[in-house]
Amino acid sequence: MSALNIEAKDIPTPPLEGLLHEQALAAYENSFRARAGIWAELLQESSARLASGRPSLHWLDTGTSGWGERRAKPSSRGLTYTDVNRLKQSGRMPAIATWKNFAPRGSIREPYRERMPICESYTVLNRDDVWAENVETLYEEAKARQWNATRDIPWGELEPLPEDLEKATCQLCTFLTEVEFVAGDFPAKWMYRIPQDFLEVKSFLSTQIMDEARHQEVFRKRALAGGGLLHSAPGFEWALAAILDAPTHTMGTFLLNLLGEGLILSVFRSGEMIAKTHVDKEIFRRCLQDEARHVSYGVMQFKNYLDNHPDRDAALEEMHRFADVGELVVLSAFVEAGFIEPVAILLGGGLNKIDQGMDGLAHMWTMFVEEYLQRCARAGFDRRARCKIPARAVWAA
Ligand SMILES: [Fe+2]
Ligand SMILES: [Fe+2]
């Protein structure tokens, strides 16, 4: 047997010439190449040891990790993150993450720190930008309540509606389809930036991404089962872009989870009145449960951010200024014809009862603003005096 002979220059990098992503590949190669010598060294050492016939067995040494002192015990719900996090061996979630690689929290990793890669994608290093007290509970709930849009909706029982109600349902579902992927793209955009030490948050965000994929799926299928997709909503597209491009996770969470999904929650809560078939009622009922979790995470994440900020007053003022603009997001939904008109027709019970429906929608507006202000208050953010959304609908007498 003979050891491999590897140097930094032997670490393969993709050929650059003639490829479409030359610049990105060049940057990747440069950052990689700078530390590739360490990788080569590690491969060299390991292969030399194997070639000499000596096993390492270093992993049998438990050091001061406390391995074996206590073992994780399930509680009545099974073995949750909360149960395993009682153990010292699970490691504590740090306030500031310093591990920008993939070593699991609680593993023996300190001896290897200098010889591990530094992953530049991990940029959210402050726990309080993502943590929420209820994240572990919400993760458990999300797993227990997953459902399948293919199988769990009684599609075979969907009866055709009169054309005005069918079109209104299809238009509302088109609007919701447009919204749902952004609701998934936002946590996805932040998830890969969150280091592994915040594993509970990453786990919860992955359920939110799955939930939103399912919502997009169920509304798309509902529209196609009822005649087809109708019009996209240009005014609201701007609100969606504002959510996705929000500069910090907490700001985006405020926009998406507190405001945007708070509104969707109000709509789904009225599902009994909006839905015209038992199939539609079932869709709204199931989505409502999922959205309630996302809103709940948003409120508690925002609260945690404010509660732990070293300069709470400055943080509050910054968020107030952000909310001044952010509230336009919801306002733009409340004036989007492609959203409010189908809802009004469904609420009223027909195209000829759209006025009655608009009255119902005006009530929903007032209710939503009040619920939003209460959510802010729960997070410790008194928005009542500064709220930019009028307390009454713009069309209300
Ligand atoms: Fe959703
Ligand atoms: Fe959601």
Side-chain angles (χ1 to χ4, degrees), residues 130 132 134-135 137-150 152-153 169 171-191 201-223 229 232-233 236-237 239-244 246 249-271 274-275 280-302 326 329-330 333 336 338-339 342-343 364 368 371-372 375 379:
V130 291
N134 55 356
V135 87
T137 318
L138 290 173
Y139 178 53
E140 287 303 327
E141 196 186 308
K143 285 182 295 169
R145 291 189 164 183
Q146 290 297 301
W147 51 280
N148 184 337
T150 299
D152 295 334
I153 304 295
T169 304
Q171 176 57 40
L172 175 59
C173 287
T174 304
F175 177 82
L176 291 171
T177 303
E178 204 167 4
V179 168
E180 294 293 351
F181 257 141
V182 176
D185 286 346
F186 177 79
K189 169 187 159 176
W190 289 93
M191 195 171 122
V201 175
K202 284 170 92 76
S203 300
F204 171 71
L205 292 183
S206 69
T207 66
Q208 187 176 357
I209 295 165
M210 183 62 214
D211 291 346
E212 308 298 6
R214 188 172 52 243
H215 296 172
Q216 181 276 148
E217 175 194 356
V218 79
F219 292 123
R220 181 176 188 82
K221 287 178 172 175
R222 173 59 186 90
L229 292 153
S232 60
F236 199 64
E237 289 266 329
L240 296 176
I243 291 173
L244 192 55
H249 180 261
T250 302
M251 285 176 180
T253 301
F254 173 80
L255 276 190
L256 174 68
N257 298 36
L258 239 92
L259 266 165
E261 302 200 311
L263 171 64
I264 296 294
L265 200 58
S266 303
V267 176
F268 289 168
R269 262 209 216 105
S270 313
I274 291 175
D280 295 333
K281 286 191 207 308
E282 184 63 12
I283 293 173
F284 286 127
R285 192 186 63 76
R286 286 181 179 270
C287 291
L288 172 69
Q289 283 185 357
D290 297 341
E291 292 305 350
R293 286 194 298 276
H294 310 159
V295 173
S296 179
Y297 168 70
V299 172
M300 295 310 278
Q301 206 278 291
F302 187 32
V329 166
V330 164
E336 172 63 50
F339 168 58
V343 172
M364 200 192 285
F368 163 73
E371 283 175 4
Y372 160 62
R375 264 179 220 122

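These figures come from a predicted structure and were not determined experimentally. Both ligands and their constituent atoms are indexed starting at 1 by order of listing.
The number of heavy atoms from other shown groups lying within 6.0 Å of CZ (Arg269) is above 12.
Under the side-chain hydrogen bond (donor to acceptor under 3.5 Å, both in side chains) criterion, Arg214 pairs with Gln146, Asp211, Asp290, sequence neighbours left out. Residues meeting the side-chain hydrogen bond (donor to acceptor under 3.5 Å, both in side chains) test with Arg145, sequence neighbours left out: none. Partners of Ala233 according to the side chain to side chain contact (heavy atoms under 4.5 Å, CB included) rule, which considers only residues two or more places apart in sequence or in another chain, are Phe175, Glu178, Phe236, Glu336.
Heavy-atom minimum distance, Ile243 versus Phe186: O-CD1, 3.6 Å.
Between His249 and Gln301, some side-chain heavy-atom pair lies under the 4.5 Å cut-off.
Of all protein atoms, those of element N, O or S that lie under 2.8 Å from the Fe ion (ligand 1) number 4.
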